[in-house]
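To find a chain, count down the sequence lines: A is the first, B the second, and so on, and within it residues start at 1.
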Amino acid sequence: MSYDHRAIEAKWQKRWETESTFEVTEDPTRPKFYNVCMYPYPSGALHQGHIRNYTFGDLLTRYKTMRGFNVLSPMGWDSFGLPAENAAIESGAHPRINTESQIVTMTAQIKELGSMYDWTRELASHDPAFYRWDQWLFLELWDRGLAYKAEAPVNWCPKDQTVLANEQVIDGLCERCDTPVIRRNLAQWFFKITDYSDRLLADLEVLEDWPERVRTMQRNWIGRSEGAVFTIEIEGGGSFDVFTTRPDTIFGMTFCVLAPEHPLVEWLIAGGEHEAAVRDYVAASARISELERLAEGGKTGVFTGVYAINPVNEARVPIYVADYVLMGYGTGAIMAVPGQDQRDWEFARIHGLDIIRTVDPPEDWEGDAYLGDGPTINSGLLDGLYQDDAKRRIIEWLEERGIGKAEVTYRLRDWLISRQRYWGCPIPMINCPNCGLVPVPRDQLPVLLPEIEDYLPKGMSPLAADEDFVNTTCPLCDGPARRETDTMDTFVDSSWYYFRYADAHNDEAIFDPAKPAYWMPLDQYIGGIEHAVLHLLYARFITKFLYDIGLSTVEEPFTRLFTQGMITLGGSKMSKSKGNVVDPVGLFASHGADALRLFHLFIGPPPDDTAWNPNGVDGTRRFLERVWRTVTEDHIFADRAESAEDRELMGLAHRTVRKVTEDIDRFHFNTAVPALMILSNALADYVAGSPRKEVFDGVVTTLLLLLSPMTPHVAHELWERLGYGSMLATEPWPDWDESLAREETVTMVIQVNGKVRDRISVSSDIEPGEAERLALASEKARAWFDGGQVETVVARPPRLVNIVVG
RNA sequence: GCCGGAGUGGAGAAAUUGGCAAACUCGAUGGACUCAAAAUCCAUUGUCCGCAAGGGCUUGCGGGUUCGAGUCCCGCCUCCGGCACCA
């Protein structure tokens, strides 16, 4: 091999570090560019996904720096969370010891990649200096009623004896042990993200530089539905509210359904003849998993023995309890309209209930419930109206009588942030037998996570067993009290860490608002698609909250989001369990960081999944070898006047600058790399002929400038060897000259009836008339239209002329 | 079921606006150099017919618009991802 990648990579990494090339401060005189790769969980080893992520991020950091931006690119660690605890349970080592040694290992690996960060801003979420401000943020939310504790049905794994986050439930099974998850009512902590539903939805429209599919996923997740709520009276007294998106079908209500967890159920059945049966059903539905519920197929449910009165026509309809109605959505109760709702139709069929159509289906309609539009029937005042008018009319009717009103409902639930786990940020609250829930005073933060011996999950937080931690005094009455023992979801940490980078060492405040006022919002955020909803939605929510309390000047944190594709091998995502992992660290040793980086840029479109090619890094290394040889070998330069060949190579260099610049700006790295290969190959051909020194020098400097964000070590080393004293990383990005980028001659295609029949070389500024004349004069083309009548000639100089023959 | 995204050589892919389909890289085959190998370099490499010159066909399938369609329109098929009893 012609260059020693180990030596030059170590040399330049050290230079960038000792010269603080990528350390920045606020500088109002320059345009800023805030560039963040999602901070990693410190698993202990970089995988190809990290490499891809940081290669893209570093490319932008270096490119934008050369473009004159004040670029902030920080790095940190998402170092709390279940994986650390699981690893600790397996290895016996304390999560903190494990985590911190893995941070050391991964930091070294990231530096080996040559990816440059402002390490002075490094943070780690398990550091008390960081999570102290998680606790502070929690208290800010508490003060405004946006953090609360409530009993709620949660995902419970009976084997692991712990609650699971939604994202830890895969197809109804626990992600760790594949046990079907059941729902249990437990007192849990929530952040009231639902107060922000409308803003989170509306502002998606502003995020034009986000991938459309992420915006769509968030839209679906928030799940806005327009409809109405109205009150239904119970025969014999009492009432309940229902939400519907189809108030126009109210005359078709033939029964009502309450969710099994609905608070009214107990009261309704008390002392009645169906009491035992309903109670059994409610108990059974709490016991079985979501998976079993759906697997049962038919819709189950029981009659309560009680009737409700349809407010529009006084019809007496039975009230059922059924688990196809969910307590967590709408009001937990529905009017059932089997004629226009397929789920209600199925339930009505199984339980022998009436079906009344209130929308006239088309004549050829053969299905069950008819969900489409049509004239309303069997509906008194609504008869003949189509859906939109009928909705409007009935909502007016309900409002006039004070029975109901138009209502918007969201699918989004409040964010459950408490975890019965050890390795997380303690929730800063105290339970006092006299005063109730009392926040820990801010001057007593942080509530430190104690170092304990036994952190195995037992159904309650391991912290609960630590008497020294639990027992405290009430800040209000000084009486004995007990601390909250739950810890926070790690998504709390990641919802604001990018603010902290702006003022990472502040121990007086979460941050000085003036600093993020300069840096925020992120100009670029790069990470995996798996965070499309959770992290990115929580971060948007917390940013809006910080805006509301005056700490943020922006309502949206991430101006431009990029989600990278996965690397696959053998048709599936690289993972240890599939045994198809290609360790990137080994490639640092064998091929070098530059060759690996270049391969990740080259392999395919950055947003798409792409297959790993075992020989691919050989290819990018070979390319760098050729560049190295072309630049470093001695050439015999000719002393002669400028020729067309010189102009052609210089023109190609200008076109390459244009192409690479445009491609980087639109994230098409996979097409920028071939442009550099073409330029480099042309340069190699050029020096094999009769090169002029000025042309060679000009093209080589252009090539190295363009390569420097992609393969920084090789580019810097060659730059230095050519005798340039400056630091390449801070050289200005090259410009191109449109007039020099023009090709002098181009190949013009001559078609006859759309088929290519000849190609001729013409001047690139050829006139349409001249192009047409040359085309008609072409011998080869003539052979195809001689004897026919030329109807039209379509001239698109200088690329193409199409002769249309009858 | 609903909502996204995608289907182009042996593989990864390219083709900013409708204008030479397959750039670039990998792999494969043949050759040069070498005692030999590695490395490097050169050539060929969508497919069919043909000795060749040359020609036909070709971007998942079927239609359409257009002088001209991988690209636009209509209908379908397949794959991937997300959501899924959300009233």
Once the angle between the rings of A:Y3 and A:H5 is folded into 0 to 90°, is it parallel (under 30°), tilted (30 to 60°) or perpendicular (over 60°)? perpendicular
Is A:E625 paired with A:R621 through a side-chain N to carboxylate O contact shorter than 4.0 Å? yes
Does B:A38 have a Watson-Crick or wobble partner in any strand here, with both distances under 3.5 angstrom, and which is it? none
Determine the contact category for A:T620: base if any of its heavy atoms lies under 4.0 Å from a base atom, sugar-phosphate if only primed atoms, P, OP1 or OP2 are that close, otherwise nothing. nothing
Would you mind classifying the nucleic acid contact of A:I603 as base, sugar-phosphate or nothing, using non-hydrogen atoms under 4.0 angstrom? sugar-phosphate
Sugar-phosphate, base or nothing in reach of A:N802, heavy atoms under 4.0 Å: base
So what does A:V749 touch, heavy atoms closer than 4.0 Å: a base, only the sugar-phosphate, or nothing? base
Reckon A:N670 has a side-chain N or O less than 4.0 Å from the OP1 or OP2 of B:A14? yes
When the P atoms of B:A6 and B:G60 are considered, how many whole Å apart are they? 13 Å
In whole angstrom, give me the gap between the C1' atoms of B:G56 and B:G31. 32 Å
Pairwise 5' ranking along RNA chain B for A:D685 and A:A259, keeping only the more 5' one: A:D685
Does the pair A:D618/A:R622 count as a salt bridge with the N-to-O cut at 4.0 Å? no
Taking any heavy-atom pair under 4.0 Å as a contact, classify A:G619: base, sugar-phosphate, or nothing. sugar-phosphate
Both distances under 3.5 Å, Watson-Crick or G-U wobble: report the partner of B:G68, or none. none
Have a look at A:E791 and say if it touches a base, only the backbone sugar-phosphate, or nothing, with a 4.0 Å heavy-atom cut-off. nothing
OP1 or OP2 of B:C41 less than 4.0 angstrom from a side-chain nitrogen or oxygen of A:R629, does that happen here? yes
Other residues, nucleotides, ligands: >12 heavy atoms within 6.0 Å of A:Q342 CD: yes
Rounded distance (Å) that lies between atom C1' of B:G19 and atom CZ of A:R799: 10 Å
How would you label the contact of A:W784 with the nucleic acid (heavy atoms, under 4.0 Å): base, sugar-phosphate, or nothing? sugar-phosphate
Applying the Watson-Crick and G-U wobble criteria at under 3.5 Å, what pairs with B:G27? Answer none if nothing qualifies. B:U45
So, does A:N681 get its side chain near the phosphate of B:U25, meaning an N or O under 4.0 Å from OP1 or OP2? yes
Which part of the nucleic acid does A:R626 contact within heavy-atom distance under 4.0 Å: base, sugar-phosphate only, or nothing? sugar-phosphate
For a quick test of reading the model: is some side-chain N or O of A:R757 closer than 4.0 Å to OP1 or OP2 of B:G54? no
Nucleotide paired to B:G7 in any strand shown, Watson-Crick or G-U, under 3.5 Å: B:C77
Just call it for A:R759: base, sugar-phosphate, or nothing, with non-hydrogen atoms closer than 4.0 Å on any strand. base
Does B:A84 have a Watson-Crick or wobble partner in any strand here, with both distances under 3.5 angstrom, and which is it? none
Compare all side-chain heavy atoms of A:N670 with those of A:P606 and state whether any distance is below 4.5 angstrom. yes
Tell me what A:E662 touches on the nucleic acid: a base, only sugar-phosphate, or nothing, going by heavy atoms under 4.0 Å. base
Could you tell me whether A:T216 contacts a base, only the sugar-phosphate backbone, or nothing, with contacts defined as non-hydrogen atoms closer than 4.0 Å? sugar-phosphate
Candidates B:A87, B:A15, B:G12 - which lies nearest the side chain of A:F602: B:G12
OP1 or OP2 of B:A53 versus the side-chain N and O atoms of A:K780: is any pair under 4.0 Å? no
B:A15 - base-pair partner by Watson-Crick or wobble geometry, distances under 3.5 Å: none
Validation row, ring centre A:F347 to ring centre A:Y320 under 6.0 Å: yes
Whether A:R796 contacts B:U17 is assessed here as follows: a side-chain N or O lying under 4.0 Å from the phosphate OP1 or OP2. Is that the case? no
Look at the side-chain N and O atoms of A:R411 and state whether any lies under 4.0 Å from the OP1 or OP2 oxygen of B:C85. no
Under 4.0 Å, heavy atoms only, any strand: does A:D344 hit a base, just the sugar-phosphate, or nothing? nothing
My understanding is that only one of A:F562, A:F56, A:F599 makes a ring pair (Phe, Tyr, Trp, His ring centres under 6.0 Å) with A:F669; could you say which? A:F56
Please work out if A:P605 contacts a base, only the sugar-phosphate, or nothing of the nucleic acid, heavy-atom cut-off 4.0 Å. sugar-phosphate
Please state whether the phosphate of B:C24, meaning OP1 or OP2, lies under 4.0 angstrom from any side-chain nitrogen or oxygen of A:T671. no
